[in-house]
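Order of appearance sets the numbers: ligands from 1, and atoms from 1 within every ligand. Since the model is a prediction, treat every value here as computed from it, not as a measurement.
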Amino acid sequence: MNIAELISKMSLEEKASLLSGLDFWHTKPVERLGIPSTMVSDGPHGLRKQDQSGDHLGINDSIKAVCFPPACAGAASFDRGMMTTMGEAIGKACQHENLSVILGPAVNIKRSPLCGRNFEYLSEDPFLAGEMAAAMIEGVQSQHVGTSVKHFAANNQEFRRMSSDSVVDERTLREIYFPAFEAAVKKGKAWTVMCSYNRLNGEYASQNKWLLHDVLREEWGFDGYVMSDWGAVSDRVKGVSAGLDLEMPASGGSNDARIVKAVNDGQLSMEDVDAAVTHILTVIDRYISNRKPETEWDKEAQHDLARSMEEQCIVLLKNEDNLLPLKAEERVLFVGKFAKEPRFQGGGSSHINCIRTESALDAVNGTVDYAMGYETTEDQSHPELIAEAVQKAQKADKVVVFAGLPDSFESEGYDRTHMRLPDCQNALIDALLAVNPNVIVVLHNGSPVEMPWVHRVKGILEAYLGGEAVGGAVANVLFGKANPSGRLPETFPVRLEDTPTSITYGRSGNSVPYSEGVFVGYRYYDRKDLAPLFPFGYGLSYTTFAYSNLKTDKETMTANDDIHVSVDVTNTGACPGKEVVQLYVRNPENSNVLRPIRELRGFEKIELLPGETKTVQFTLNIRAFSYWNITCHDWYPENGTYHIEISKNSREPLLETPVVLTGTPVVFEPVTPDTLFMDLKKNPKAMQAFSSLMEKMMKIFSPDESKSTAASEAVTAEMEAAMFENMPLRGLVSFGNGAISYDEIAALCDQLNQK
Ligand code: BGC
């Protein structure tokens, strides 16, 4: 496709028509010029291809497809390779079904466990979310099908999702809410980006030029098209000049007409329209010129793949007395409706019409006893269901309770109001514990839950929403056919009140202040020194691992250096297993800004046979040591002593080594008459510039011993120093007895700032 030539042949009306959808899922064709219509489809963990009536809520039917583990589970694998494999499988399905773009991955940060859509999101940690997203994108796009990383940006709640204003400071956006998108664009090379519904700092994402153009295109080099989330457009004309290329779904032609009028009226430039058309055609061309309609979509094979993937995602949270794995000769009781009808995906636009589901009960094929225990449609206990379960539990060696959140508790479209499991499930677990000491809980949920029984049950498996084959995967892990190797991609807090946003989340009306700043997830719990229920990165195995030999290739580095880290990991247990080696950088204690104590900067998942040792290598670039500096508006590798920590999880460093970063020039804020003396003192040049004024001031201030009074004696040196430190430069005018003028100070500031 010669895009420039095509554009030169297009009328304004044809160009404008390309900038919105034909219907719910298609781009518009321009038949006269041979530009085809292409289809996009939800995602992200399988296809929701609607052949007939379209909707964005998962109401109307879609074709049968395979539901892979949703992002909440996928991220728990900490396995880039697995995400790539999932992406490839989905990409193949897209080729088979002639879908040009799959609408995902969704990389919004889990700001609160209450977000109804957390099951679709990857992590509370931007690095993990970015790495996993990039890996998945690589897989999909290897099949010449596009992805749409969504929802850009700061879309972290469902409450008022189409109008809320996320008020986020610059550093927090850069350090927490942007990096996953940045990785998806720079590393994953996502073909498209979907903007979010919400406003960001006062402007709708769909018409936010700073977001869609300055950051996304200019800084990150994005070259595909930006599409709106479904119905996210407010002012279409503003959107075009801000960089929103494609409006989805259709606007019934009304916004196309507005675009035409705005160009004719001189309110919108033809260059902006041409740029949007170019971006859309670039992606269409990428797709159609590599079309592989003959691609096979083997759904049965993908179902098996979904099972083996979920085995990599399940997180073993507790295994007292090595109760797990279960043994064939033991009398095992499965309790809970989810054992028979697992909850394995969430509601809304990602809901997949799966080819079949596999329950844990199906998978064990009649070898265990079963009691339903509770209903999923209500919170209330059914005494007869509990009684039946208790009676069967008395005769069992081990009881496995399948618990979790029913559909009504979490979904796209609304947030959770609490973090509890349904009461009937907690009551059931209590009742079972009263008659059997060997209770194991398997959880099906898209986001953390409170666990009032955590210290009384002996085993806990977090299966998350694990895709259509979750039951088989859970059974394989329970019986030791698979060794669990998932790690929590988010902190599990003890209770909702412990979470960083618990006071305001969902309660702050339209304007949503992200007042916790960069202290999201483990960054918050660490700073607050608050013990979580289970920390970020946590997960056990049926085997054990030992770490040794942490090495770095340098002890001192500058901003131009990469640092290479290696560590040996040995499987010290009796069965093969996978370990997630986690690398955190601990920031300097005396940083100029308040930084998280430690941040995940590397992870590798490795497989080890019993007795086997592998050396794991990491390369860290300077970004791993940098924070976003709001004075220079850039990443800033602050000088200081950092520590490389190799850890089991965010709370359990095993080995550490220091590295000193030097040579970064100090960046000072511009000096103004409002600058405080305590800040001026840090800046040697400024101190020099102001030295003569300070001397003048000192003379005025120096106490006259002869005039000492009871009142003046009460002024301690500490107090005097503190008053001075907290005084702005203009204080020299107020307290200088007319000896120093405001203009004098302002002129010195100007001179200094010009240098
Ligand atoms: C969701 C998107 C989804 C779109 C199309 C929206 O409501 O936020 O994630 O891709 O609908 O179904």
Side-chain angles (χ1 to χ4, degrees), residues 20-27 38-63 65 67 70-72 90 94 97 99-110 115-122 129 133 136-137 140 145-164 166 180-181 184 190-200 204-206 224-234 244 246-251 345-353 410-415 446 465:
S20 66
L22 173 68
D23 55 23
F24 229 84
W25 302 117
H26 292 85
T27 59
T38 54
M39 187 172 188
V40 303
S41 206
D42 283 314
H45 40 264
L47 306 194
R48 187 174 73 95
K49 184 187 181 200
Q50 291 185 315
D51 268 345
Q52 324 265 293
S53 310
D55 69 80
H56 63 305
L57 303 170
I59 301 169
N60 290 303
D61 255 2
S62 50
I63 61 161
C67 176
C72 57
I90 292 173
C94 287
E97 288 295 325
L99 296 173
S100 63
V101 172
I102 183 100
L103 304 177
V107 303
N108 297 102
I109 292 295
K110 299 182 188 209
C115 176
R117 235 177 151 175
N118 274 358
F119 68 87
E120 261 187 90
Y121 299 151
L122 290 157
M136 183 176 181
I137 292 168
V140 174
V145 168
T147 53
S148 193
V149 57
K150 64 189 188 183
H151 311 85
F152 192 48
N155 177 193
N156 310 93
Q157 63 180 50
E158 291 301 278
F159 180 58
R160 301 180 71 99
R161 70 169 174 162
M162 294 182 86
S163 98
S164 64
S166 301
F181 290 99
W191 287 11
T192 83
V193 168
M194 186 191 293
C195 79
S196 56
Y197 284 129
N198 55 287
R199 295 169 164 104
L200 174 59
Y204 277 112
S206 60
Y225 67 73
V226 180
M227 71 174 92
S228 70
D229 198 346
W230 268 232
V233 167
S234 173
L244 176 67
L246 177 64
E247 170 178 14
M248 286 305 282
S251 69
Q345 64 173 331
S349 62
S350 68
H351 201 268
I352 285 155
N353 181 9
E410 62 179 348
S411 165
E412 177 178 345
Y414 57 90
D415 295 316
L465 303 185

- request: Determine whether Met227 and Leu103 make a side-chain contact, defined as any pair of heavy atoms from C-beta on separated by less than 4.5 Å.
  value: yes
field: Between CG on residue Asn108 and CG on residue Asn156, distance to nearest 0.5 Å
entry: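 Reported to 0.5 Å precision, the distance equals 5.5 Å.
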query: Glu412 and Ser349: side chain to side chain donor-acceptor pair (under 3.5 Å), yes or no, with the steps?
result: CA-CA 7 Å; Glu412 177 178 345; Ser349 62; 2.7 Å; yes
query: Can you tell me if Glu247 uses its side chain to pair, donor with acceptor, with the backbone of Ser20 under 3.5 Å?
result: no
- prompt: Taking only residues two or more places apart in sequence or in another chain, which ones pass side chain to side chain contact (heavy atoms under 4.5 Å, CB included) with Ala71?
  reply: Leu122
query: Listing by chain and number, which residues have a heavy atom under 4.0 Å from ligand 1?
result: Trp25, Asp42, Arg48, His56, Leu103, Arg117, Lys150, His151, Arg161, Met194, Tyr197, Asp229, Trp230, Ser349, Glu412
- prompt: Do the ring planes of Trp230 and Phe24 sit parallel (below 30°), tilted (30 to 60°) or perpendicular (above 60°)?
  reply: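 Ring orientation of Trp230 relative to Phe24: tilted.
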